[in-house]
2 protein chains.
Amino acid sequence: MTRSGAGSSIKAVAALAGVSIATVSRVVNGVANKASAETTARVRSAVAALDYRPASAGRALRQRTSRLVAVLAANLANPAMAAIAASAEIALRKRGLVMVLCDTHDRPALQDEYLKEMQAQQARAIVLLAAVESPMLAAMRGGPTPIVFVNRRDPAGSAGLHVGIDNAAAGREVAVHCLDAGARTIAIIHGSLASSATSERVRAVREALAARGVPHASVVVETAEDDDHLAIGYRSAKRLLERSSPVDAVICTSDLIAFGAHRRYVEDGGAPPRLVGFDDSPLNDWIAPWLTSVRIPYENYGEAIVSLLAADDRAPAARIVPYRLMVRDGPSRNRGR
Amino acid sequence: MTRSGAGSSIKAVAALAGVSIATVSRVVNGVANKASAETTARVRSAVAALDYRPASAGRALRQRTSRLVAVLAANLANPAMAAIAASAEIALRKRGLVMVLCDTHDRPALQDEYLKEMQAQQARAIVLLAAVESPMLAAMRGGPTPIVFVNRRDPAGSAGLHVGIDNAAAGREVAVHCLDAGARTIAIIHGSLASSATSERVRAVREALAARGVPHASVVVETAEDDDHLAIGYRSAKRLLERSSPVDAVICTSDLIAFGAHRRYVEDGGAPPRLVGFDDSPLNDWIAPWLTSVRIPYENYGEAIVSLLAADDRAPAARIVPYRLMVRDGPSRNRGR
DNA sequence: AAAATCAAGGAAAACGTTTTCCTTAAGCCC
DNA sequence: GGGCTTAAGGAAAACGTTTTCCTTGATTTT
């Protein structure tokens, strides 16, 4: 006798119910027209009595696919990515899928290592939070394993499954917001343009400013070579402060960049300019009441991802979710009063 | 011919190398004295040529254990938990293990559901980030699957594997720090005392204050029934503000609670009291320069967890990692000047 | 009333590994 | 040179499922 609940096999259930293991399997998996109501009930109660749950290894072996879904995040230290992961986990679980979470540190080699590992795990699907191009990704593209690109589109062409916001529209709205708020000279601080999200945002801001008559050359664009967004913001703000003429508003392509810039301005002692970021998080209300930010509903990304996986091939291959500009004008900005 | 890299089986490798699958398995797994140098080389090059990696389902089935390690976090929205998860992922990966991350929302029923699922997955080990007591946990305790309790100790007795800081010492240090900084009346805001970490911190603070001659009754202790730490801090600070006499320092059992309290004070308009929290994160330097906090090296927790799993049964069953009080006195506190 | 469908369920194959036995040949010790 | 041990490697079992066949009655169709 095996210990009761733990790891009872299909054989034990079959024996207890007085049927073959085939029947148990069919009842558990809900195959129609293969068991009488009476048999079904007997099997069900045996399953409950033994607390049986099919061993995933056996199932995966036979079905040649596991219930694992890999989420490869570029940087888990980024609260936005963590939020997406948390949301994905819930949505996957609801479908009986299990999330495997990995941190690629935005490095192609590591991303490839994980892709290979997940192939060995026979992962049901791959979710890439901010993908980078890599050999293995190229090899798997078009293969049988669905790949969902979140935030950043597929780095090679925009064909793949995608979840994200309309970055161009958001960029325009941010630009217009700054102008409407009275800003005359505007700066942009951005991260790596290899990210489609970043490049789309930057381009949209510039175009919107140009369309409103702001001379192209008067827009200051800063960036820094660093994969830490905080550092990018800090160093870029430093350079903005070194300029002869100050700017009225700084548009950052992520909240972390804005945090970095804000710190630099605070250290400087003066009143920081209007700061705008992207991502937003409920935490901003608490710790960054000075930051206007494009709220991206990461808590809904999980469902969007899963629905994309469930959809048939003819459904639209992208879920563009709505964003919302959260205007904040809290303590820190007018600290100088 | 199967498509080259993808999912080649051990049979293909054996055929290419001209050996049996048994030999391939042994070479891949590094079994000594079972293959000549020449054979080993031939197998290795076949493995490389086909980009072979053992299917984990087959392996798990045979070995009756997978390479999955489950990390069950009480709340992924908490940056501290996310940081631990990120660190665990790296450490596990280094040992060829794969992290499965789940969010139990601090609910026993959900924790049990995950525990069952992970048993079906034949998880190699279970890591509980802030465990709650639950029937399934009780059933698995003492079973073959190692369980590591992180931050909170095993809710039923302190026998289990544990990674955390010396909360009593940290609590004392925080209390002394406040007194040394000149605080006369001190408040404590804490979360659920079901967490051993929280209760140990609160007790240590109170004892240290008493030892320094602060009358027991003069210490204000606040809390709120909520699983959102931000809300606990906010609501508790509200009550502190309603008191006739203000406090000089508020010790919070987590940074999130401190964030919540800070917001309430800022809304009030006056200068917030000295605020102290627990957890800390690199982000605090950027966004909460007003928060003194006990820095817990979550980035090292992954290694501590893994070392606990690797240790034999006679090694000490706990890893108490060093903490450090990060004293900050940035802009927001002396904003009133 | 023969033919055809269909529900119910069992036996056994298949999935891809690891590992236990075996076998063979070589080396070593006396 | 006979008994050891040992390296090298193959055949086959075992792991726990799902699923393909197959069989047997019962019911429906023609």
Margin query: With a 4.0 Å cutoff (strictly under), does any side-chain N or O of B/Thr23 reach OP1 or OP2 of D/dA8?
Written below: no

Checklist line | Nucleotide C/dA8, atom P - distance to CZ of A/Arg42 in whole Å | finding: 13 Å

Next item on the list: Round to a whole Å and report the spacing from CD of A/Gln63 to C1' of C/dG16.
Entry: 15 Å

Margin query: As a test of reading the structure: which of D/dA12, C/dT17, D/dA8 is closest to the side chain of B/Ala22, going by heavy atoms?
Written below: D/dA12

Check: Given atom CD1 of A/Ile10 and atom C1' of D/dT18, what is their separation to the nearest angstrom?
Finding: 8 Å

Notebook entry, point to check: What integer distance in Å separates B/Lys34:NZ from C/dT24:P?
Noted result: 15 Å

Margin query: Rounding to an integer number of Å, can you tell me how far B/Arg53 CZ sits from C/dG16 P?
Written below: 17 Å

Item checked: Check: A/Arg62 side chain, D/dT18 base, donor-acceptor under 3.5 Å -> yes

Checklist line | Interatomic spacing from CZ in A/Arg124 to CG in A/Leu68 - rounded to 0.5 Å | finding: 9.5 Å

Next item on the list: Classify the nucleic acid contact of B/Ala55 as base, sugar-phosphate or nothing, counting any heavy atom under 4.0 Å across all strands shown.
Entry: sugar-phosphate

Margin query: Could you tell me how far apart B/Ile21 (CD1) and D/dA12 (C1') are, to the nearest whole angstrom?
Written below: 9 Å

Checklist line | Closest to side chain of A/Arg59, choosing from D/dG10, C/dT18, D/dT18 | finding: D/dT18

Item checked: Minimum heavy-atom distance between B/Asp106 and B/Ala130, given as atom pair plus value -> OD1-O, 4.1 Å

Notebook entry, point to check: Can you tell me how far the CD1 atom of A/Ile305 sits from the CG atom of A/Asn300, to the nearest 0.5 Å?
Noted result: 11.0 Å

Check: Taking the nucleotide of DNA chain D with the closest heavy atom to each, which residue, B/Asn33 or B/Gln122, is nearer the 5' end?
Finding: B/Asn33

Checklist line | Euclidean distance, atom CZ of residue B/Arg64 to atom C1' of D/dT17 [Å, nearest integer] | finding: 13 Å

Check: Contact class for B/Ser25 (heavy atom, under 4.0 Å): base, sugar-phosphate, or nothing?
Finding: base

Next item on the list: Identify whether the distance between the nearest side-chain nitrogen and carboxylate oxygen of A/Arg141 and A/Glu133 falls below 4.0 Å.
Entry: yes

Next item on the list: May I ask you to say what A/Val19 touches in the nucleic acid, namely base, sugar-phosphate or nothing, with a heavy-atom cut-off under 4.0 Å?
Entry: sugar-phosphate

Checklist line | A/Glu303 and A/Arg319 ion-paired at < 4.0 Å | finding: no

Checklist line | For atom CZ of B/Arg26 and atom C1' of D/dA12, their distance in whole Å | finding: 12 Å

Next item on the list: Determine: side-chain N/O of B/Thr39 to OP1/OP2 of D/dG9, distance under 4.0 Å, yes or no.
Entry: yes

